[in-house]
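Reading through the structure tokens given below for one structure.
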Amino acid sequence: MGNTGNTETQKRMPHIQIPENLGIAYAVLPGDPARAERASKYLENVEFLAFNREYKSYRGTWHGIPVLVMSTGMGGPSTAIAVEELKKAGVKAMIRIGSCGALQPEAKVGDLVLVEATVRDEGTSLGYAPLSYPAVADFELLSACKESAKKQGFSWHMGIGRSHDCLYRDENPQIYEEWARRGVMASDMETASLYVVGRVRGVKTASILNVVAGCKSDVAEDIGRYADGEKLTALGEEHEILTAFEAFECLEHAKHEVDK
Ligand SMILES: O=P(O)(O)O[C@H]1O[C@H](CO)[C@@H](O)[C@H]1O
Ligand SMILES: O=c1cc[nH]c(=O)[nH]1
């Protein structure tokens, strides 16, 4: 683990309540605090760090590599704050492990969508750059996610997402239909702000989404089943967690190859 000193006495970031000089380069970011706790169980040497507002955090090691797990809460504003404060705490690469609705029939419940880029149909990212600025993953980090998912035999797709601010909007069926016609694969609420804020602030970002609501299905009902621990979505969640941790390991190995 990095040289983190005594976390009790160190100055902490205002919202995420993580020590300022944590010394951890890699972070895995679920939306849900409960998913942060579940993800932490896959790590060794786990230590609970903080739970303030929607930000629940743990640190630990994955095959010897120091990793942070922290929830972002739901939506762009809390995600942007998470990215800003994590960057200040020294994090260099962040992988979102989220849930999403599918807009294409081939993306089945429990599959993973690796988000190449995302439609900025939300408000937060506009505070950082005009709409003509792309919300795009870091190519190297997303490629590491792809290698990781492939290596572990998970069911994955790579495609465009759409991030929004309004899950229960009356017009959603028509809106989903229109974006589906343009090839958009997945709907979530955080990837756009993660990608834009990360890019503007110089942090590598990627987003892996577990399909919890099938194409044209009842989103509220499907999300309810995920919350109840339905088997396929629980398995998808396990797959996205393992994909993210292993992606960081791929990245570390690639770094060492270059350093040789
Ligand atoms: O499960 P998380 O990661 O929170 O992601 C998705 O789930 C929430 C809606 O149910 C939104 O935050 C959406 O983006
Ligand atoms: O359809 C969905 C499902 C989960 N999260 C979303 O943002 N949309």
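We count residues from 1, following the sequence as given. Atoms within a ligand are numbered from 1 in the order they appear, just like the ligands themselves.
Looking at Thr191 and Ser207, their side chains do bring a donor and an acceptor atom within 3.5 Å of each other. Neither side chain, Glu85 nor Tyr55, offers a donor N or O lying under 3.5 Å from an acceptor on the other.
Which parts of ligand 2 touch Gly101 is read off a 4.0 Å heavy-atom cut-off, strictly below it: atoms 1 (O), 2 (C), 3 (C), 4 (C), 8 (N). Listed by atom number, the atoms of ligand 1 under 4.0 Å from Ile223 heavy atoms are 10 (O). Applying the 4.0 Å criterion to heavy atoms of Arg35 picks out, from ligand 1, the atoms 1 (O), 2 (P), 3 (O). Of all atoms in ligand 2, listed by their number and element, those nearer than 4.0 Å to a heavy atom of His164 are 6 (C), 7 (O), 8 (N). Atom numbering of ligand 2 starts at 1 in the shown order; those under 4.0 Å from a heavy atom of Tyr176 are 1 (O). Residue Gly98 approaches ligand 1 through these ligand atoms, each under 4.0 Å from one of its heavy atoms: 3 (O). Within ligand 2, counting atoms from 1 as listed, the ones closer than 4.0 Å to a heavy atom of Ile223 are 3 (C), 4 (C). For ligand 2, the atoms closer than 4.0 angstrom to any heavy atom of Val219 are 1 (O), 2 (C).
For a threshold of 3.5 Å applied to N or O pairs, the pair formed by Arg96 and ligand 1 contains at least one separation below that value. The distance criterion of under 3.5 Å between nitrogen or oxygen atoms is not met by Asp188 with respect to ligand 1. At a 3.5 angstrom cut-off on N or O pairs, Ile97 does not count as close to ligand 1.
Environment of CZ in Phe48: crowded, with over 12 heavy atoms of neighbouring residues, nucleotides or ligands closer than 6.0 Å. Within 6.0 Å of CE on Met74 lie no more than 12 heavy atoms contributed by other residues, nucleotides or ligands.
With hydrogens left out, the protein atom closest to atom 6 (C) of ligand 2 is Ser187 O, 3.3 Å, a heavy atom. Protein heavy atom closest to atom 12 (O) of ligand 1, with residue, atom name and distance, is Glu190 OE2, 2.5 Å. Given atom 4 (O) of ligand 1, the protein heavy atom at minimum distance is Gly31 CA, 3.5 Å. Annotation: atom 8 (C) of ligand 1 to nearest protein heavy atom, Met74 SD, 3.7 Å. Closest to atom 7 (O) of ligand 1 among all protein heavy atoms lies Ser99 OG, 3.1 Å.
Considering Leu49, Val91, Ile18 as possible partners of Met70, the one that fulfils the side chain to side chain contact (heavy atoms under 4.5 Å, CB included) test is Ile18.
Classification of Glu177 and Arg181 as a salt-bridged pair fails, no side-chain N sitting under 4.0 Å from a carboxylate O. Taking a cutoff of 4.0 Å between a charged side-chain nitrogen and a carboxylate oxygen, Arg225 and Asp222 qualify as a salt bridge. The existence of a salt bridge linking Glu20 and Lys88 is excluded, since no basic side-chain nitrogen approaches an acidic carboxylate oxygen closer than 4.0 Å.
In this structure, the separation between CG on Asp32 and OG1 on Thr72 is 9.5 Å, given to the nearest 0.5 Å.
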Tell me, with the steps shown, if Lys255 and Glu252 meet salt bridge (Lys or Arg N to Asp or Glu O under 4.0 Å). CA-CA 5 Å; Lys255 216 166 76 182; Glu252 275 290 301; 3.0 Å; yes
